[in-house]
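Beneath this line is the structure, given in structure tokens, with notes to follow.
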Amino acid sequence: MSTEYKFFDEVNKSFDRAAAFVDADPTLLGQVKRCNSVYYISFPLRRDDGSIEVIESWRVEHSHHRQPTKGGIRYAKSVNGDEVMALAALMTYKCAVVNVPFGGAKGGVRIDPRRYSEGELERITRRFTFELWKKHFIGPAIDVPAPDMGTGPREMAWVADTYQSLNAGELNAAACVTGKPVTQGGVAGRTEATGRGVVYGLAEACSIAEDMKPLKLSTGLDGKRFVVQGLGNVGYHAAKYMIEMGAVLVGVSEFKGGIANPDGIDLERLMAYREEQGTVVGFPGAAPLPSSLAALELECDILIPAALENQITPENAPRIKAKLIGEGANGPTTDEADQMLQRRGVLTIPDIYLNSGGVTVSYFEWLKNLQHVSFGRMEKRFDQGAYRRLVKAMESATGKQFSLQEESILTRGAEELDLVNSGLEETMAFAYQQIRNKRAALEDKVDLRTAAMVLAINKVVVSYEELGIFP
Ligand code: GLU
């Protein structure tokens, strides 16, 4: 299905709709829209059995209005140049929307990672990193990759190690990539950040009574029935934190099919089942769904597509029953389908805002690497001492004695994970208000995606104009 839609064209349709509300030279807008640098790399891989295979890969830097550029590396059989360009563009808009000071980029290696041994994946990752380095497509101040579909902390550790070996003595070399294991310069909370950000964003959206009323929904996530498409890093963590907030998981799908249960699905038991069986289909007590797409059409309040692009199309959009769509994936809704849903009054919380938690926490990791000190290290003990003095003063003023347990809760100093989550929550809440305000400034004539895109384009345009990047 994804082949019917050119992903970059879909992104650009929503760009054009928003650009109509931006007061800028149309030629400059054309420049903002284009990808600044597109790098195609093919290299040979020696497989474990001695045979040779050609690996195709891409790195696209969409916008240099801020540097470094930033974005993940995807390992998937479906990767192609058009997809990587679209994803790189989305990174530019995403960073701008949440005030993360990077340009957008993306990488992709056209392989099904499940078909390769760990050793082969390591050789692919190191060679890809070397190819990036050779052409100045990687570096803490140039372009900083991160995980995406099919990659994770293990691959990022290989990227960092390869880059560091090529740049011995470069003090900030660890900041060449984010999403590293915590033991290798990563930051606490990065792995779960995108899913956590999705839930912070949905919590913010659902806290506004005025916006919930037309959807006939109460405020808050508690009791909301939701469906998630995709059980990868984003889908799993989004579902986990939704459940923590009191929401009920009524449907799940992954590439092999799905399951539904209107009374709720136990996520951890489901994950254990999938680990054992290799699929969610057949999970006891839940009805099987014929395909990954079928889950999109289930009865629910909130639908979270957290798999691939172009999943919600004009073909299935009329059958979608969710009142609110929270885009965990990049580009899950085609432009036409999006317009159909908006006309029906569905509230879409767009990808360029909602899934920006990953890059936001990547920004924190990059800062940590440049600072060479973990968050909280300097102030934790000082804060604890200050809180303890306050507790003692309260005790002597009131004559009440706190228990040891109460005292330890009241005097806890923030650790790195607390600060990362606090920074993420603030980023998501603030950006949502900015998007809503922009929508209001446009007299509610546009949807949230267009409002977010207008904000993003404006920021990029201002950078171009103020920096005067016109040789
Ligand atoms: N791959 C993630 C995304 O699509 C994260 C990018 C990053 O952390 O740089 O947003």
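All ligand and atom numbering here is 1-based and tracks the order in the structure. Only a predicted model underlies this, so the values are computations on that prediction, with no experimental measurement involved.
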TODO: Indicate yes or no: does Lys240 engage Glu192 in a salt bridge with an N to O separation below 4.0 Å.
DONE: no
Task: Under 4.0 Å from ligand 1, counting heavy atoms only: the protein residues, by chain and number - done: Lys70, Gly71, Gly72, Met91, Lys94, Lys106, Ala146, Pro147, Asp148, Arg190, Asn330, Gly358, Val359, Ser362
Task: Check: Arg59 and Pro145 side chains under 4.5 Å, non-hydrogen atoms - done: yes
Task: Charged N-O contact under 4.0 Å between Arg74 and Glu309 - done: yes
Task: Exceeds 12 heavy-atom contacts within 6.0 angstrom, atom CZ of Arg34 - done: no
Task: Arg436/Asp211 ion pair, N-O < 4.0 Å - done: yes
TODO: Examine Tyr39 together with His136 and report whether their ring centres are nearer than 6.0 Å.
DONE: no
